[in-house]
Amino acid sequence: MSVYLFNTKTRSKEEFKPLNEKEVTMYCCGPTVYSYAHIGNLRTYIFEDLIANVLRLAGYKVKHVMNVTDVGHLTSDGDEGEDKMMLAAEREQKSVMEIARHYEDTFFRHTSELKLRRPTIVCRATEHIKDMIDFVKDLEDKGFAYFSNGNVYFDTAKFPKYGCLSGQCRDDLKHGARTEQDENKRNPSDFVLWFTSSKFENQILQWESPWGRGYPGWHIECSAMSTKYLGEQIDIHCGGIDHIPVHHENEIAQSEARLGHEWVNFWVHMEFLNTKAGKMSKSTGGKTTIDTLKEIGYTPMHYKYFTLTSHYRSSAVFSEEAMDGAKKAYENLCDYVATFKAEAKNSVLTQDEIALLDQLKTEFNNYLFDDIKTPLAISHIFGVAKDNKKSAKLRLEYLMHVDSVFNLELSNVEAKKEEGIEITPEIAQLLEQRKEARAQKDWAKSDEIRDKLASLGVGVKDLPNKEIELIRL
């Protein structure tokens, strides 16, 4: 089955065709571990995980690589400000590595609680400095980089395609420090590949390099590590839409300048999670995390379900009301599963039901194969779950298929336990009379009493050794 994704590069939905039929290569910009990832960040990772699951559903093997930025990301997306890791270390009175490992561990704890599969490879920036230095040296040798007053810059004038992803011309893309603030740049859109100690003298993490002791710019890490682990061409590169005009433009420029050919086939971007006040971000005080959601009564699955109710290319508005609705819907879904598990115990599908199940799975899959249309998939799920004309076994098998893709922990829901039957004096008397009738082999009276019990909602099943089982009718 073909998979279609919206390609930011062409601004159109396209059929996905991998470079290698046996394995899809997918790179995703990971967390900068100077603080907790808020739920807006996690929305992006939920959909990236889902894209990988959908590709697996379509029959592909997926090699998923994610970086961890533990050095080099400044307080702006350009070349201004201070290193976020250094600021966090000063704020919390810890070492940079203590900060990095704490927030990295928390990030992966949260993604685990959301039932996101850990990427095939997780690579830290600090462990790939040599790869970045080699990358910058190659750019310098090819004439795309220049040394100016202690820093190495990428010369965007040497790369005519600069701006191809965002659709802006190079003169409009002043991503680095403004000209009056960084006179070392030849062009306003140039960006730093390597900083030396001539800038930010208090920078904690520094390494020896051909240009002096310093540290890498933020953008170079993704290019260096993605090519190291995925090769010179990548099927899919994912990230939030905020990365398009700066980080991803710079990645394209430096990667294709070094490689000499197109680097990424599909660019896939996720929209923002907003609050009623606007975009959720760390810089504007967006501190809602998975842990804070749990503190106010929501589970990670409530939030994951909430994200699936909107399309990944549409912004979503987070609110308590929206979360309450998602919580209720998710728990209704779990209730269906619990009921179906109880009712379907020891039952099997007929041949007709097997064919219908395949059809329902295909319908569900098709919504996801068509640019990950999760809202339509959710609608389909409830349409099947509510259809009492379909057997409990059929609906349960369908929901287990859904769970294999969405990973909503539906498979862990326990079967609903039958409520005990209250033995009223009337029921107790009828059961005693039935026992006596059967002992006297008065089958007519036994049947008459059975009918009276049935009218009270109680069925009787005779077991060996003259024992009985009461069944709620």
Side-chain angles (χ1 to χ4, degrees), residues 2-10 14-31 44-45 48-70 72 117-145 154 158-159 161-162 164-165 193-194 216-239 243-244 247-269:
S2 296
V3 175
Y4 291 82
L5 295 170
F6 186 88
N7 191 350
T8 305
K9 180 173 66 175
T10 61
E14 299 178 10
E15 182 179 357
F16 173 73
K17 294 181 179 179
L19 295 162
N20 181 338
E21 291 184 1
K22 295 182 180 180
E23 184 176 64
V24 173
T25 53
M26 179 173 165
Y27 184 85
C28 297
C29 290
T44 294
Y45 298 114
E48 289 172 346
D49 178 75
L50 180 56
I51 289 171
N53 285 346
V54 168
L55 290 169
R56 294 185 188 102
L57 183 64
Y60 298 112
K61 181 180 178 182
V62 179
K63 187 175 184 180
H64 177 188
V65 174
M66 176 188 288
N67 69 305
V68 173
T69 300
D70 52 2
R117 184 183 297 202
R118 190 177 177 90
T120 316
I121 295 172
V122 175
C123 40
R124 296 167 176 158
T126 53
E127 295 173 359
H128 294 79
I129 299 300
K130 183 181 184 303
D131 298 299
M132 298 181 218
I133 291 173
D134 290 343
F135 203 111
V136 176
K137 285 169 61 180
D138 279 356
L139 288 173
E140 193 174 46
D141 291 344
K142 292 175 183 289
F144 288 99
F154 184 88
K158 298 287 183 66
F159 189 74
K161 281 180 61 179
Y162 194 75
C164 61
L165 191 66
L193 299 167
W194 186 269
W218 170 39
H219 314 294
I220 196 67
E221 69 176 89
C222 287
S223 292
M225 292 190 287
S226 64
T227 52
K228 178 182 179 72
Y229 293 110
L230 297 176
E232 293 191 356
Q233 280 189 296
I234 301 171
D235 286 306
I236 301 174
H237 193 313
C238 296
H243 286 336
I244 296 173
H247 184 46
H248 289 167
E249 286 287 9
N250 292 349
E251 279 190 70
I252 291 171
Q254 62 199 13
S255 297
E256 296 191 4
R258 185 195 191 196
L259 300 172
H261 56 71
E262 192 169 44
W263 174 46
V264 174
N265 280 0
F266 274 76
W267 286 91
V268 181
H269 291 94

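No hydrogens, no waters, no symmetry mates; every other heavy atom, side chains included, goes into these values.
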Yes or no on side chain to side chain contact (heavy atoms under 4.5 Å, CB included) for L55 and I236, after CA distance, side-chain angles and deciding distance?
-> CA-CA 11 Å; L55 290 169; I236 301 174; 3.7 Å; yes

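- Between the side chains of E232 and H261, at least one donor N or O sits under 3.5 Å from an acceptor N or O.
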Could you check W218 against N250 for side chain to side chain contact (heavy atoms under 4.5 Å, CB included), going step by step and ending with a plain yes or no?
-> CA-CA 10 Å; W218 170 39; N250 292 349; over 6 Å; no

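- Annotation for F266 and E15: closest pair CZ-O, 3.5 Å, computed over non-hydrogen atoms.
- One N or O on the side chain of N67 and one on the backbone of G30 form a donor-acceptor pair closer than 3.5 Å.
- Between G239 and H248, the closest heavy-atom pair is CA-CE1, 4.1 Å.
- To the nearest 0.5 Å, atom OG1 of residue T25 and atom CG of residue N20 are 8.5 Å apart.
- Taking the six-membered ring for Trp and the full ring otherwise, W267 and H247 have centroids separated by 6.0 Å or more.
- Here the closest heavy-atom approach between residue E21 and residue Y60 is recorded as O-CD2, 3.9 Å.
- In this structure, Y229 OH and D131 CG are separated by 7.0 Å, a value rounded to the nearest 0.5 Å.
- In this structure, the side chains of P31 and Y45 come closer than 4.5 Å at one or more pairs of heavy atoms.
- Proximity of a side-chain donor or acceptor of E221 to a complementary backbone N or O of M132 within less than 3.5 Å is not detected.
- The closest donor-acceptor contact from the side chain of K9 to the backbone of N265 lies under 3.5 Å.
- To the nearest 0.5 Å, atoms CD1 (I234) and CG (L19) are separated by 9.5 Å.
- No side-chain heavy atom of M26 sits less than 4.5 Å from a side-chain heavy atom of P119.
- Although no hydrogens or angles enter the test, the distance criterion places no donor-acceptor pair under 3.5 Å between the side chain of K63 and the main chain of L230.
- Here the closest non-hydrogen pair linking D49 and R117 is OD1-N, 2.9 Å.
- Around atom NZ of K161, more than 12 heavy atoms belonging to other residues, nucleotides or ligands sit under 6.0 Å away.
- Here the NE2 atom belonging to H219 is positioned 11.5 Å from the CZ atom belonging to F154, to the nearest 0.5 angstrom.
- Taking CG of D235 as the start and CZ of F16 as the end, the distance is 4.0 Å to the nearest 0.5 Å.
- Of all non-hydrogen atoms in K158 and F144, the two that sit nearest each other are O-CE2, 3.3 Å.
- We find the CD1-CD1 distance between I220 and I129 to be 11.0 Å, quoted to the nearest 0.5 Å.
- Side-chain contact check for L193 versus F135: every heavy-atom pair is 4.5 Å or farther apart.
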Please step through salt bridge (charged side-chain N to carboxylate O under 4.0 Å, His left out) for the pair D141 and K137, ending with a clear verdict.
-> CA-CA 6 Å; D141 291 344; K137 285 169 61 180; over 6 Å; no

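- Judged purely by atom type and a 3.5 angstrom limit, D70 uses its side chain to pair as donor or acceptor with the backbone of T126.
- Checking side-chain atoms of S226 against main-chain N and O of S223 turns up a donor-acceptor pair under 3.5 Å.
- Between L165 and H269, the closest heavy-atom pair is CD2-CE1, 4.1 Å.
- Ring geometry, H237 versus W263: the interplanar angle exceeds 60°, so the pair is classed perpendicular (tilted spans 30 to 60°).
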